[in-house]
2 protein chains.
Amino acid sequence: MGIENVAQYLKSHGIKPSYQRVRVFEYLITNRNHPTVDTVYKALADEIPTLSKTTVYNTLKLFAEKNIVLVINIEDNEIRYDADTSVHGHFKCLKCNKVYDFQFDEENLNIKSIEGFDFHQTHVYIKGICKNCKMNY
Amino acid sequence: MGIENVAQYLKSHGIKPSYQRVRVFEYLITNRNHPTVDTVYKALADEIPTLSKTTVYNTLKLFAEKNIVLVINIEDNEIRYDADTSVHGHFKCLKCNKVYDFQFDEENLNIKSIEGFDFHQTHVYIKGICKNCKMNY
DNA sequence: TTATATATTTGTAACGATTACATTATTGTT
DNA sequence: AACAATAATGTAATCGTTACAAATATATAA
Ligand SMILES: [Mn+2]
Ligand SMILES: [Mn+2]
Ligand SMILES: [Zn+2]
Ligand SMILES: [Zn+2]
């Protein structure tokens, strides 16, 4: 994504840009790894020794409410976050556990049997084995 | 689904058809409501007073491993189960919390950027407001 | 600047869904 | 009936998440 000024970006979405919030959001856009709360916490705890895991929880929940992050529920045992809020799908490799982005044509989904419904969010999740893992095993 | 003999169906998928397993699977195919563990437990506990919630957990996990139920993770705070294992999408209404099935054209998704990956499962989840709730509020 | 109010962060305790595990019950076989 | 194997049950433990109160930081007014 092309976010140059993170503080300004947060402000423009109604979020006061505290130090911790800026750092969490910066983590998301520089490491595009669809991290869990724990991943973010462990990564930042070194550089921000006073950081509390509760703050990471609160911050990501706030980001989700303000719609600057997507909440990704591919697996039932982990919640991941994504600062890329454009419409795209997620592929999780069952061997290396990496989550890949992919594009898809939403219009061509050609959805039947739920006409007249209001769509707020669409999530497309695919599980399988990625190219790397297919070759190396 | 057209499953006449549940016990036979379980056997054919490598599952010994104990009384509890048959009852849980029967619940799934008669009430097509994408229930949680708790929903199944509460519904059957009346008729099977000795039923343990652990058994419902074990049973649904076994069904998922043997691929006779789908695990549905639309929301991060609830795991739902579906005995209809055909490819179809799920719409969750954010007002009435009902989960609707819908069909979609998998081929037309036209997925880019993950060529050469092996797909095991595809999930399409949509959240929004259903037709009923739109009209009645 | 100082005082005061508001917002945010922190750390700990509580919660709740899920799992682990030991015990009991059931089923199938000799 | 005796035995072995499998499944169900109930309780305790686990772990991710949330609630909450105290501490800290930030903004505003005097
Ligand atoms: Mn993504
Ligand atoms: Mn379904
Ligand atoms: Zn992989
Ligand atoms: Zn509804």
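Below, chain A is the first sequence line, B the second, and so on; all start at residue 1.
Ring pair His13(A)/Tyr9(A) is tilted by interplanar angle, where 30° to 60° counts as tilted.
Using modelled atom types and a 3.5 Å distance limit, the side chains of Asn110(B) and Asp105(A) yield a donor-acceptor pair. When only modelled atom types and interatomic distance are considered, Asp84(B) and Ser86(B) share a side-chain donor-acceptor pair under 3.5 Å.
Between Val40(B) and Asn31(B) there is no side-chain heavy-atom pair separated by less than 4.5 Å. By the 4.5 Å heavy-atom criterion applied to side chains, Ile68(A) and Leu10(A) are counted as neighbours.
When the C1' atom of dA8(D) is taken as reference, atom NZ of Lys61(B) falls 16 Å away, rounded to whole Å. The NZ-C1' distance, from Lys11(B) to dT6(D), rounds to 15 Å in whole Å. One can place CG of Leu62(B) at 13 Å from P of dT6(D), the figure rounded to the nearest angstrom.
A donor-acceptor distance shorter than 3.5 angstrom exists from the side chain of Arg80(A) to the backbone of His34(A), with no hydrogens or angles considered.
Enclosure of atom NZ in Lys112(B) by more than 12 non-hydrogen atoms of other residues, nucleotides or ligands within 6.0 angstrom is indicated.
Stem analysis of DNA chain C (at least three stacked-register Watson-Crick or G-U pairs, each with both distances under 3.5 Å) gives C:1-30 with D:1-30.
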Protein within reach of the bases, or only the backbone? For nucleotides 7-17 of chain C, mark each nucleotide 5' to 3' as B, S or -, using heavy atoms under 4.0 Å. SSSBBB----S

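Within the 6.0 Å centre-distance limit, the rings of Phe117(B) and Tyr100(A) are counted as a close aromatic pair.
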